[in-house]
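All remarks here apply to the structure that follows.
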Amino acid sequence: MERIKISGTLVHLGTKMETRCGTMKRRATRAVLLVATLLLLFAAHLVAQDFGARDRGPAQTGPPKTPREAAPKDLTGYWVSVVTELWRYRMLVPDKNDYQFVPLNPEGRKVADTWDPAKDQASGNECKSYAAPAIMQVPGRLHIYWQDDNTLRVDTDSGSQTRLFHLGGSAPQNDTPTWQGFSVASWEGDENVDTRDGQGGPIQDATGRLIRGRVLRQADYLKVLTTNLRPGYLQKNGVPYSVNAKLEEDFDTFSDPYSGNTWLTVTAVVNDPQYLIEPLFTHAHFKKLPDNSGWDPTPCRANEPR
């Protein structure tokens, strides 16, 4: 190691040079790592933007579609109910005090035990069991069609009821409660679906370009939330729901590949903090009809199944 004495001071040049070189190397390494990290983050951002744009599909051009034009499924037509569960509660008028499948609390059971169909008929309340929380359980036919570009209409021949599903907007705050309430609808079911090839890693094309591993599946069922309900019955035999009840339904269709029939399924959930200890779940199934043959409008009846 070379040593130089300048004005009585002994300087170790080799040690200082080595120290400075080591410091410069470390700084250069850190700079390279920082640049590489920034480049990777930028590339990931570009890839995410590209995938997001692909998932969203082509950009919308022209005026926006109306809910009627944008509907991913066609629920319109005539449908007949096919009773596949709770037969004796739907095809017959259940006995008084028979509510074993409804999660009533003590207050709800007390009200149900006072059911008097003759009194309902005489007081003009014979439609209590044809309100929105129960009407899809009543045997009969449906006619579903677009009343306008933003409103899907459901007519029932049992009880001659009409439900309106409003696509967009929200329920009014101060309207008088009605048997069918106010229903806000939206298409649901959008989700990213994995399209990997089963190998567990990223998919690449022949040039090595990454192929997105997920695609956006379009909405495929109609969600309906109904509020502002007039108090009525969940079952024909006076099982009550209150003005605080809320009804949530999913409407979906599918085709049977063996019979060729088209089916409509309605899954309903009733929440009522006043009379229920937990939500009430029900299901209804309808088969599509070719026309309106058999359409038989009837009035509400307090002591008959439909």
Side-chain angles (χ1 to χ4, degrees), residues 52 55-57 59-60 62-77 79 103 108 127-138 142-156 159-192 216-234 240-253 264-276 278-284 286:
D55 282 344
R56 289 191 295 271
Q60 179 72 38
K65 293 183 178 180
T66 65
R68 181 177 184 174
E69 295 171 331
K73 279 191 174 181
D74 182 15
L75 304 183
T76 63
W79 307 83
C127 288
K128 275 190 169 184
S129 60
Y130 295 83
I135 188 61
M136 293 299 164
Q137 295 290 308
V138 179
L142 309 178
H143 182 206
I144 303 178
Y145 59 98
W146 287 93
Q147 177 169 285
D148 56 48
D149 285 341
N150 301 295
T151 310
L152 195 63
R153 175 169 172 159
V154 181
D155 290 337
T156 70
S160 300
Q161 299 295 300
T162 295
R163 301 185 66 188
L164 300 177
F165 299 160
H166 303 274
L167 283 91
S170 58
Q173 297 298 315
N174 301 313
D175 276 11
T176 302
T178 63
W179 296 129
Q180 304 308 325
F182 191 93
S183 299
V184 176
S186 60
W187 292 100
E188 302 287 338
D190 282 346
E191 63 176 339
N192 286 317
L216 183 66
R217 187 179 72 181
Q218 296 298 315
D220 57 2
Y221 67 89
L222 187 68
K223 179 178 179 179
V224 180
L225 178 62
T226 302
T227 56
N228 203 35
L229 289 161
R230 180 178 174 182
Y233 296 153
L234 297 170
Y241 69 83
S242 74
V243 71
N244 301 312
K246 293 182 180 181
L247 170 65
E248 184 177 320
E249 298 166 288
D250 293 341
F251 288 73
D252 197 5
T253 61
L264 169 69
T265 63
V266 182
T267 301
V269 183
V270 178
N271 285 279
D272 184 1
Q274 184 169 340
Y275 291 142
L276 300 179
E278 64 183 14
L280 171 66
F281 290 81
T282 59
H283 306 275
F286 301 85

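Counting from 1, the numbers follow the sequence of the chain as shown.
At least one side-chain heavy atom of L276 sits under 4.5 Å from a side-chain heavy atom of L234. Counting heavy atoms from C-beta on, the side chains of L167 and W146 come closer than 4.5 Å. Side chains of P72 and D220 form no contact here, defined as non-hydrogen atoms less than 4.5 Å apart. Contact annotation: the side chain of C127 approaches that of Q161 to within less than 4.5 Å [non-hydrogen atoms, C-beta and beyond]. No side-chain heavy atom of V224 sits under 4.5 Å from any side-chain heavy atom of L152. Counting heavy atoms from C-beta outward, M136 and L142 have side chains that approach closer than 4.5 Å.
Residues meeting the side-chain contact (heavy atoms from CB on, under 4.5 Å) test with E69, sequence neighbours left out: K65, T66. By the side-chain hydrogen bond (donor to acceptor under 3.5 Å, both in side chains) test, Y275 is found to be paired with no residue, residues two or more places apart in sequence or in another chain being considered. For F286, there are no ring pair (Phe, Tyr, Trp, His ring centres under 6.0 Å) partners two or more places apart in sequence or in a different chain. Listed by chain and number, the residues in a salt bridge (charged side-chain N to carboxylate O under 4.0 Å, His left out) with R230 amount to none (sequence neighbours excluded). T162 is linked by a side-chain contact (heavy atoms from CB on, under 4.5 Å) to R153, D155, L164, counting only residues two or more places apart in sequence or in another chain. For P273, the side-chain contact (heavy atoms from CB on, under 4.5 Å) partners two or more places apart in sequence, or in a different chain, are N244. Shown here are the side-chain hydrogen bond (donor to acceptor under 3.5 Å, both in side chains) partners of K246, two or more places apart in sequence or in another chain: there are none. Taking H143 as the reference, Y78, Y145 meet the ring pair (Phe, Tyr, Trp, His ring centres under 6.0 Å) condition, with sequence neighbours excluded. The ring pair (Phe, Tyr, Trp, His ring centres under 6.0 Å) check on Y130 picks up nothing, with sequence neighbours excluded. With sequence neighbours left out, the ring pair (Phe, Tyr, Trp, His ring centres under 6.0 Å) criterion links Y221 to no other residue. With sequence neighbours left out, the side-chain hydrogen bond (donor to acceptor under 3.5 Å, both in side chains) criterion links S186 to E188. For D148, the side-chain hydrogen bond (donor to acceptor under 3.5 Å, both in side chains) partners are T151, not counting sequence neighbours.
Annotation for V138 and S129: closest pair CG2-O, 3.8 Å, computed over non-hydrogen atoms. Closest approach of Q173 and A171 over heavy atoms only: NE2-O, 3.6 Å. Between W179 and G232, the shortest heavy-atom distance links the atoms CZ3-CA, 4.2 Å. What you find for F165 and A185 is that their closest heavy atoms are CB-CB, 3.9 Å. Looking at every heavy atom in both residues, R163 comes nearest to S183 through NH2-OG, 3.9 Å. Residues D175 and P172 approach most closely at OD2-CG, 3.2 Å, considering heavy atoms.
Of the inter-residue distances, the one linking T176 atom OG1 with N228 atom CG reads 7.5 Å to the nearest 0.5 angstrom. Considering CG of L280 and OH of Y241, their distance stands at 12.5 Å, rounded to 0.5 Å. To the nearest 0.5 angstrom, L229 atom CG is 12.0 Å from F182 atom CZ. The line from OG1 of T265 to CD of E249 is 11.5 Å long, rounded to the nearest 0.5 Å. We find the CG-CG distance between L225 and L247 to be 8.0 Å, quoted to the nearest 0.5 Å. The CD atom of E248 sits 9.0 Å away from the CZ atom of F281 when rounded to the nearest 0.5 Å.
In this structure, a donor-acceptor pair under 3.5 Å is present between the side chains of D272 and S242.
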Worked verdict on I135 versus V154 for side-chain contact (heavy atoms from CB on, under 4.5 Å): CA-CA 11 Å; I135 188 61; V154 181; over 6 Å; no
What's the verdict on side-chain contact (heavy atoms from CB on, under 4.5 Å) for W79 and T253, showing C-alpha distance, side-chain angles and the deciding distance? CA-CA 11 Å; W79 307 83; T253 61; 4.1 Å; yes
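In the displayed structure, K73 atom NZ is contacted under 6.0 Å by more than 12 heavy atoms of other residues, nucleotides or ligands.
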